[in-house]
Amino acid sequence: MAKILVNGGAGYIGSHTIIELIEQGYEVVSIDNYVNSEPENYDRIKKITGNEIRHYDIDLCDFEKVLKVFKHEEGFDGIIHFAALKSVPESVKKPLQYFENNNQSLINTAKAIVNSGKGNLIFSSSCSVYGNLRPDQLPVSESTPTQMVESPYGYTKLMGENMLRFNALNKSFKTIALRYFNPVGAHSSGLLGELPSQGINNLIPVVTQTAAGIREELTVFGNDYNTRDGSCIRDYIHVSDIANAHVLALEYLLENRQKEYFDVYNLGSGDGVTVLEVLQTFARVNGILPSYKIGPRRAGDVEMVYSDSGKAFKNLGWKTKYDLDEMMRSAWSWQKRLLS
Ligand code: NAD
Ligand code: WQD
């Protein structure tokens, strides 16, 4: 049984991925310092899978501690690096903290892999590496060059990819960077989902919190974009579909099917959906229309971005299972559980 290290395994996408890994028969070890999560997520995973997760409560920026885990575990067959700070507005206020945490944790992990002499790496990247795209570049594929990003957070993803791309030149281990678009929704059991962090500002948690009455009203940031209803277009993708793609990418590396030492994949549904369409879908599926108003554009927002995920479909055999209805239904079930 292959042994997989999940860095940031108590987080939103990490915890969903651990479930998929366990269901596919992998042995999982997790590292987290709970800077944006809680260890109770391991209990939730246990409720769903029946498995206890061996975990180390350390900061991945502490190299000696990372090395100790790798030594104690005698290395890993695969490593999935989710650990990062991920708030775009916070990164604008604290850029150095973002550069330090996101890059140092990745460098330490890569060094520990080299030191242990085995393992492949999967890195959580983001569609933010594409920056602001022209409409004729959509749907965006991996062959589109990355460009200057909109935030320090996005820059940590671009730096992370580039560090790994250069590191791959010495062929020490193989890497896949997965560029997520907008992961949303929650596990189908209703027992696991995104935990609201302070100052949450992503659309779906804002929608569910407004529907739940935690927020009075939400603001749609702009209805004067050049889109079918004037609001921004994004590519929302179910977190369990994202989780499943990690297992497929891992298999691709473990079976040595990837020739390159570094490669990238988009993970999106391929469908561009407007903010107003998200609200309409949420209302149709869950029977509640969250109260909203139209406000000004949000600084730094791009008008439109959606994915060409053909490469992941073709090479990894990835197929999305969940549509926007299911994303909205599961997000709302999870919000209701948080209230109960
Ligand atoms: P999350 O905050 O829920 O999970 C990240 C986890 O990493 C948390 O549990 C956090 O405590 C841990 N962590 C952070 N720094 C650490 C450190 N130094 N040492 C140990 N643990 C540390 O975020 P998520 O939504 O699950 O995102 C996972 C990854 O995917 C991140 O790299 C994020 O940038 C990337 N990503 C997320 C989205 C999204 O919308 N959620 C989109 C694109 C990319
Ligand atoms: C989605 C749409 C908003 C809140 C961010 C990061 C990106 C990636 C995913 C990590 C936009 C609109 C939102 C609200 C609104 N994360 N909106 N009212 O900005 O596409 O992407 O998360 O890598 O890197 O930048 O996601 O959920 O914040 O916004 O109208 O109260 O919803 O304008 O069009 P975004 P989001």
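One-based numbering along the sequence shown. All ligand and atom numbering here is 1-based and tracks the order in the structure.
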Go through Asn108 and Leu60 one step at a time and tell me if the side chain to side chain contact (heavy atoms under 4.5 Å, CB included) criterion holds.
-> CA-CA 7 Å; Asn108 288 350; Leu60 286 154; 5.7 Å; no
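- Sorted by chain then number, the residues whose non-hydrogen atoms approach ligand 2 to under 4.0 Å are Val88, Ser126, Ser128, Tyr153, Asn182, Asn201, Asn202, Leu203, Val206, Thr219, Val220, Phe221, Cys232, Arg234, Tyr236, Val275, Arg298, Asp301.
- Between Lys68 and Asp62 no salt bridge is recorded (no basic side-chain N to carboxylate O distance below 4.0 Å).
- Cluster annotation: Ile122 and Phe181 are assigned to distinct hydrophobic clusters (Ile/Leu/Val/Met/Phe/Trp/Tyr, side-chain heavy-atom contacts under 4.5 Å, transitive).
- Classified by interplanar angle (parallel below 30°, tilted 30° to 60°, perpendicular above 60°), the ring pair Phe70/Phe76 is perpendicular.
- Scanning for side-chain contact (heavy atoms from CB on, under 4.5 Å) contacts around Asn244 gives Glu20, Leu248, Trp318, with sequence neighbours left out.
- By the 4.5 Å heavy-atom criterion applied to side chains, Phe99 and Pro152 are counted as neighbours.
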Inventory of protein N or O atoms under 3.5 Å from ligand 1 N or O:
residue  : atom   : partner : partner atom : Å
ligand 1 : 2 (O)  : Asn36   : ND2          : 2.7
ligand 1 : 3 (O)  : Tyr12   : N            : 2.8
ligand 1 : 9 (O)  : Gly11   : N            : 3.2
ligand 1 : 9 (O)  : Asp32   : OD1          : 3.2
ligand 1 : 9 (O)  : Asp32   : OD2          : 2.6
ligand 1 : 9 (O)  : Ser37   : OG           : 2.7
ligand 1 : 11 (O) : Asp32   : OD1          : 2.7
ligand 1 : 11 (O) : Val35   : N            : 3.0
ligand 1 : 11 (O) : Asn36   : N            : 3.1
ligand 1 : 11 (O) : Ser37   : OG           : 3.3
ligand 1 : 15 (N) : Asn101  : ND2          : 3.1
ligand 1 : 18 (N) : Asp59   : OD1          : 2.9
ligand 1 : 18 (N) : Asn101  : OD1          : 2.8
ligand 1 : 19 (N) : Leu60   : N            : 2.9
ligand 1 : 21 (N) : Asn33   : N            : 3.2
ligand 1 : 21 (N) : Asn33   : OD1          : 3.1
ligand 1 : 25 (O) : Lys86   : NZ           : 2.7
ligand 1 : 26 (O) : Tyr12   : N            : 3.2
ligand 1 : 26 (O) : Ile13   : N            : 2.8
ligand 1 : 32 (O) : Phe82   : O            : 2.7
ligand 1 : 32 (O) : Lys157  : NZ           : 2.8
ligand 1 : 34 (O) : Tyr153  : OH           : 2.5
ligand 1 : 34 (O) : Lys157  : NZ           : 3.1

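- Take Phe221 and apply the ring-ring contact (aromatic ring centres under 6.0 Å, His included) test, not counting sequence neighbours, and it matches no residue.
- Hydrophobic clustering, with ILVMFWY side chains joined whenever heavy atoms are under 4.5 angstrom apart, groups Tyr26 together with Leu316.
- Neither Val184 nor Leu192 shares a network with the other; the hydrophobic side chains, linked directly or stepwise wherever heavy atoms of I, L, V, M, F, W or Y lie under 4.5 Å apart, form separate groups for each.
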